[in-house]
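Here is the structure we will look at, set down as structure tokens.
Here is the naming used below: chain letters follow the sequence lines, and residue numbers restart at 1 for every chain.
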Amino acid sequence: MLDSDILNDLTNPSQPDRELLQALKDKKTDALSGLYDRYGNLVYTLALKILNNSQDAEDITQEVFLGLWRSNTYNPARGSLSSYLTIVTRSRSLDKLRRGTRLKFIERWSQNIHIQAPQNPFEQVDLKERSEQVQQALAQLPENQRQILEMAYYEGLSQSEIGKKLDIPLGTVKTWGRQGLLKLRKMLQDLIK
Amino acid sequence: MCASTPQYREELIVGYVLGDLSPEETEELNRLLAEYPDLMREADKLQQTLELLPYALPQVAAPQYLRSTILDAIAPTSSKPQQRFLSWGKVLATAAVISAIVLSIDNYRLRHELTAFRDTIAVLQHPETHLFSVKGQNKAANATGSVLMNLDDSTAVVAVQNLPIPPQGQAYWLWAIVDGKTQRCGQFNILSSASSFDKISMPSEIYQEGSEVSKLFITLESTQPPMSPGSIVMLSYSS
């Protein structure tokens, strides 16, 4: 197949994100199906994990992809498309979970602080490889540390809320959270810009 | 003010990322950020770390029909230009009409209407405001109205004319079809059958950035929140 043929085939899995996003701006519907085929399950899986309800997860998935189609809020200077999608998915899922009480989550994309741009914002995230790496790193964390991080991320709980829920002193939660996050950061440093 | 240790700064940053700083700690962090600009960089890295969590989840395949549902939703429909946004000129002109309506109402209801009117102006001045015209049908064929939606605080002001006061035990409900899904916005009150307006608080999940409202309608139902709209539509808007 000629290179130009490949580039024109938006549903080809080796089509870089950058090309699909450009085609999306040009309103080519194949671009959305290409992105959905690439990241649809990632978005759905995360929404399902947070909401525990497949209908809700479907709604969120639909909202996220339709949102991608309709507006230009993805800024490549801030990071990869896949991390943008996970951030948006998590934010909308937690909002749905809390039924509108707006949570003050640190949204990197909404921060005005200038963060040094990552070197390769359009890197193709090899989901399978990344998945294995993160799974292995998490498995190496002590159970209690991992639990704090997962509750903070998937349930949107603050450290004090976690302490109340697990009936553990706040100081302990903070220690475990800090140790866990720092350890994880070291283990996954080549995935972080 | 004591000097901070690297460990303490680390604790503050982690607390920030995991979402639990006390107001004092937040102030402290703001101070330290000025002194140690690298702290934000560090926070960003920790935030990125936390955001890697979902990649470890065993992937669940979304149902097959979801893909086509999404793609169908973006298929171009009519060639009629979608006018979701009105120019400020038109919006202000409508405000003049609405204010004229308010001034014509007698003092008895004035206090209530003035509050709603001020809400209207506040809504109109807000950039995330969308205005829809609704037309009467069925029993309310002579009714007309406007619905102003403020996306940012999820409120709507409904201004209607010639809509009869509902019978005892019944109320008017506003519904919207947003991105193909029917959503109940809320109940509104009619004080005068000549003209009336009311402000409602909508559930915030109704509208997201970039959402498309294809239809609005007002039905007469029981005062108990209905799960889905009844078949008698009083007023509606279609894009």
Side-chain angles (χ1 to χ4, degrees), chain A residues 29 32-33 36 40-42 44-46 48-49 54 57-59 61-63 65-67 69-71 73 79 83 86-87 90 92 95-96 99-100 102 104-106 108 113 115-116 127 130-131 134-135 138 148-150 152-154 158-160 174 177-178 181-182 184-185 188 191-193, chain B residues 7 10-22 33 37 40-63 65-76 153-154 178-181 201-212:
Chain A
T29 55
L32 190 67
S33 47
Y36 179 82
N41 286 345
L42 178 67
Y44 178 76
T45 300
L46 177 54
L48 185 63
K49 172 76 181 176
S54 54
E58 285 169 39
D59 290 346
T61 306
Q62 186 168 352
E63 274 178 39
F65 283 94
L66 290 181
W69 174 258
R70 288 187 178 128
S71 63
T73 46
S83 58
T86 58
I87 288 169
R90 177 183 179 238
R92 291 191 177 197
D95 276 352
K96 203 179 186 82
R99 303 215 148 261
R102 296 270 166 218
K104 289 189 185 125
F105 281 99
I106 294 107
R108 260 192 316 139
I113 297 147
I115 308 281
Q116 175 196 325
L127 290 179
R130 180 168 282 212
S131 172
V134 183
Q135 272 173 8
L138 282 172
I148 304 298
L149 298 183
E150 289 182 347
Y153 187 84
Y154 294 116
S158 67
Q159 291 180 97
S160 55
K174 285 187 170 187
R178 178 170 69 93
L181 194 56
L182 292 171
L184 203 61
R185 171 181 164 356
L188 297 174
L191 295 183
I192 295 163
K193 311 276 179 260
Chain B
Q7 170 158 331
E10 208 170 58
E11 263 182 39
L12 278 185
I13 288 288
V14 171
Y16 170 64
V17 170
L18 292 181
D20 193 14
L21 289 185
S22 67
L33 283 173
M40 209 60 224
R41 189 80 193 88
E42 191 52 35
D44 182 57
K45 289 190 174 170
L46 290 174
Q47 181 73 24
Q48 286 184 57
T49 307
L50 195 61
E51 282 159 9
L52 288 171
L53 247 52
Y55 293 98
L57 293 172
Q59 292 292 285
V60 181
Y65 57 77
L66 189 58
R67 189 183 193 274
S68 38
T69 306
I70 291 171
L71 296 175
D72 286 346
I74 67 171
D153 67 3
S154 296
V178 186
D179 296 331
K181 205 167 142 199
S201 287
M202 308 187 289
S204 60
E205 68 247 353
I206 277 183
Y207 212 111
Q208 305 284 1
E209 229 181 87
S211 277
E212 210 164 293

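Between the Thr45(A) side chain and the Leu42(A) main chain, no donor and acceptor come within less than 3.5 Å of each other. The backbone N or O of Tyr55(B) sits less than 3.5 Å from a side-chain atom of Ser131(A), completing a donor-acceptor pair. One N or O on the side chain of Arg90(A) and one on the backbone of Tyr153(A) form a donor-acceptor pair closer than 3.5 Å.
In this structure, chain A has heavy atoms under 4.5 Å from both the backbone and the side chain of Ile70(B). Looking at Gln62(A), the atoms closer than 4.5 Å to chain B (heavy atoms on both sides) sit in the backbone and in the side chain alike. Contact of Pro54(B) with chain A is made through backbone and side chain together, with heavy-atom distances under 4.5 Å. Using a 4.5 Å cut-off between heavy atoms, Leu138(A) contacts chain B through its side chain alone, with no backbone atom that close.
Interface check for chain B: of the options Thr61(A), Leu46(A), Leu181(A), the most heavy-atom pairs under 4.5 Å are formed by Leu181(A). For the options Leu184(A), Leu48(A), Ile148(A), heavy-atom pairs under 4.5 Å to chain B are most numerous at Leu184(A). The residue among Arg178(A), Gln135(A), Glu150(A), Lys49(A) with the most heavy atom pairs within less than 4.5 Å of chain B is Arg178(A).
Taking both residues in full, the closest heavy atoms of Ala73(B) and Arg70(A) are given as O-NH2, 4.0 Å, listed atom of the first, atom of the second, then distance. The minimum heavy-atom distance linking Val134(A) with Leu191(A) is given by the pair CG2-CD1, 4.1 Å.
Residues Leu52(B) and Ile192(A) meet the side-chain proximity criterion, which asks for heavy atoms closer than 4.5 Å.
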